[in-house]
Amino acid sequence: MKILIKNGRIIDPAGGTDQVADLLLENGLVAGINSNIPSDKAEVIDAEGKVVCPGFIDLHVHLREPGFEGKETIKSGCKAAAAGGFTTICPMPNTNPAADNLPVIDFVKNTAAKVSPIRVLPIAAITKGRKGQELSPMGELAEAGVAGFSDDGDYVSNSSMLLHALLYSRTFGLPVMEHCEEPCLAEGGVMNEGLLACRLGLKGIPDAAEEIALSRDITLAKESGGRLHLCHISTAGSVELVRRAKAAGIQVSAEVTPHHLTLTEAEVSGYNANAKVNPPLRTQSDIEALITGLKDGTIDAIATDHAPHTANDKLCEFGLAANGIAGLETAFASLMGLVHSGSISLSLLIEKLTLGPRQVLGEKHKNIGNLKPGSSADVVIFDPDEEWTVDTARFFSKGKNTPLEGRRLKGRVKTTIACGRIAYRE
């Protein structure tokens, strides 16, 4: 199968490409970039006025299956990802049962192979049942093809346990992906600690809950020499801690979510449960520090932390509402707001959605996240200037829980191609 994408602005941070040209995809691989490539026996897509780049990679999604299919399924979540421009996603293991054994990992992989239009790279649990008491069979899970290890949703509070996980991970070359939140400091908290929480009468979660946990994890990464990846960092203090760790040569990487880059705690005003997320939305000064972290390389990747929930999970007292935002279908357009405002460049945004997450995954996945000849034909075509209104009724995701409902965004995915096949077309 041949697909010829003509006349688009091709941006590939991995190859340093930014030019108007044609892109040829053949037999599931990138065949080449050039001007005026002949269209012999190829399906032609006219991308004039649009941007063509590698398919986005999401290091952090929740597909909910098995166990919570009312919130999301592998099929619905992958369709939502394709509509958002993602060609590779990494589902977290907080399913029921947890993805801490071969049968569950095989189930996710086999189901995805049948129903998903995109690539699915499961993340396995660090500990059995994600309970923090006994390590999962990491060697078996690594051989089964997992992309990393995480107890996401829970912090591995036992330092010895995490140290051993980091030591073992060196054998497999896979990242240990930590949800950093010191449970004693965060207990009972439902939003960012500050004046707004006081006015609303809600218990806050202090910056220190994240930063103390993150600092300990960095120390253990230094001790072990393992690869530590820090999930959804949200505070200015966390950015500085990661910056210092990298300067010291510690093997640490970090991600930030679209909502922590674009929304503040003010979204919670009126007890808006769709803005309740963990870690909580912070302040404008935190956003500015996170953006600086993207620019100077402290933060490696943008990941959605797509967390779909049923309506009933959110239609309740704020303190009882589930944490999470369904973000796969709004991530790109919300992030384009940073480009249009001049906060970051378009090439930097693409880098943090493609090359950055690919580097976190490691050399095993060097064939994705770029448009070099011979790499996987994963491509997204988008219009950077098209405006549209968020309408959750049109989401592919079962999760409609987003504070962006009804908002006008600028930037829209038009076509997603995964492994040389059309995964989404508007």
Side-chain angles (χ1 to χ4, degrees), residues 3-23 25 30 33 35 44-58 80-88 118 256-259 261-263 287 290-291 294-295 299 301-304 327-358 369-371 377-391 394-396 402 404 406-418 422-426:
I3 298 176
L4 178 61
I5 304 169
K6 295 192 67 68
N7 307 312
R9 178 187 173 188
I10 301 175
I11 301 179
D12 178 17
T17 301
D18 188 345
Q19 66 181 101
V20 175
D22 299 345
L23 172 65
L25 312 175
V30 174
I33 297 172
S35 300
V44 177
I45 299 175
D46 184 5
E48 185 173 1
K50 300 178 180 63
V51 174
V52 180
C53 72
F56 304 148
I57 301 168
D58 194 342
F86 295 93
T87 54
T88 300
I118 64 170
V256 63
T257 72
H259 44 274
L261 285 168
T262 60
L263 302 174
I287 287 179
L290 291 166
I291 290 173
L294 285 175
K295 289 180 175 180
I299 299 175
I302 298 174
T304 66
L328 282 169
E329 291 165 89
T330 57
F332 168 70
S334 64
L335 292 164
M336 280 298 295
L338 299 176
V339 175
H340 291 303
S341 69
S343 298
I344 62 174
S345 67
L346 180 58
S347 60
L348 180 65
L349 173 58
I350 293 172
E351 176 188 333
K352 299 303 180 180
L353 289 168
T354 58
L355 176 61
R358 199 284 292 165
N370 68 84
L371 296 178
D378 300 339
V379 178
V380 60
I381 304 170
F382 63 84
D383 185 332
D385 298 313
E386 182 176 337
E387 296 187 9
W388 59 286
T389 300
V390 177
D391 179 4
R394 301 184 66 182
F395 277 11
F396 288 102
T402 173
L404 300 179
R407 297 196 190 181
R408 195 80 175 160
L409 302 179
K410 188 176 182 180
R412 189 154 200 177
V413 172
K414 308 299 285 185
T415 305
T416 303
I417 301 168
I422 304 293
Y424 169 79
R425 180 179 280 158
E426 187 188 28

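Along the sequence shown, residues are numbered consecutively beginning with 1. Because the structure is predicted, anything quoted here is derived from the model rather than measured.
- Ring orientation note: the planes of Phe56 and Phe86 are nearly perpendicular, at an angle over 60° on the 30°/60° scale.
- For Asp12 (side chain) and Leu371 (main-chain N/O), a donor-acceptor pair under 3.5 Å exists by modelled atom type.
- The minimum heavy-atom distance linking Asn370 with Ala14 is given by the pair CB-CB, 3.5 Å.
- Legend: residues meeting side-chain hydrogen bond (donor to acceptor under 3.5 Å, both in side chains) with Thr304, ordered by chain and number and at least two apart, are Asp58.
- Contact record, Ile287 with Thr262: CD1-C, 4.0 Å, taken as the closest heavy-atom pair.
- Thr354 and Gly369 get closest at one heavy-atom pair: CB-O, 3.9 Å.
- Counting heavy atoms from C-beta on, the side chains of Leu409 and Met336 never come closer than 4.5 Å.
- Ser343 meets the side-chain hydrogen bond (donor to acceptor under 3.5 Å, both in side chains) test with Ser341; sequence neighbours excluded.
- Residues satisfying the side-chain hydrogen bond (donor to acceptor under 3.5 Å, both in side chains) criterion with Lys414, sequence neighbours excluded, are Glu386, Glu426.
- In this pair, Tyr424 and Phe396 present their aromatic rings perpendicular. The plane angle is above 60°, beyond the 30 to 60° band.
- Judged by distance alone, with hydrogens and angles left aside, the side-chain atoms of Trp388 form no donor-acceptor pair with the main-chain N or O of Arg408 at under 3.5 Å.
- In this structure, Pro13 and Ile350 approach most closely via the heavy-atom pair CD-CG2, 3.7 Å.
- Shown here is Arg407, whose CZ atom has more than 12 heavy atoms of other residues, nucleotides or ligands within 6.0 Å.
- Here the side chain of Asp378 pairs no donor or acceptor atom with the backbone of Ala418 at under 3.5 angstrom.
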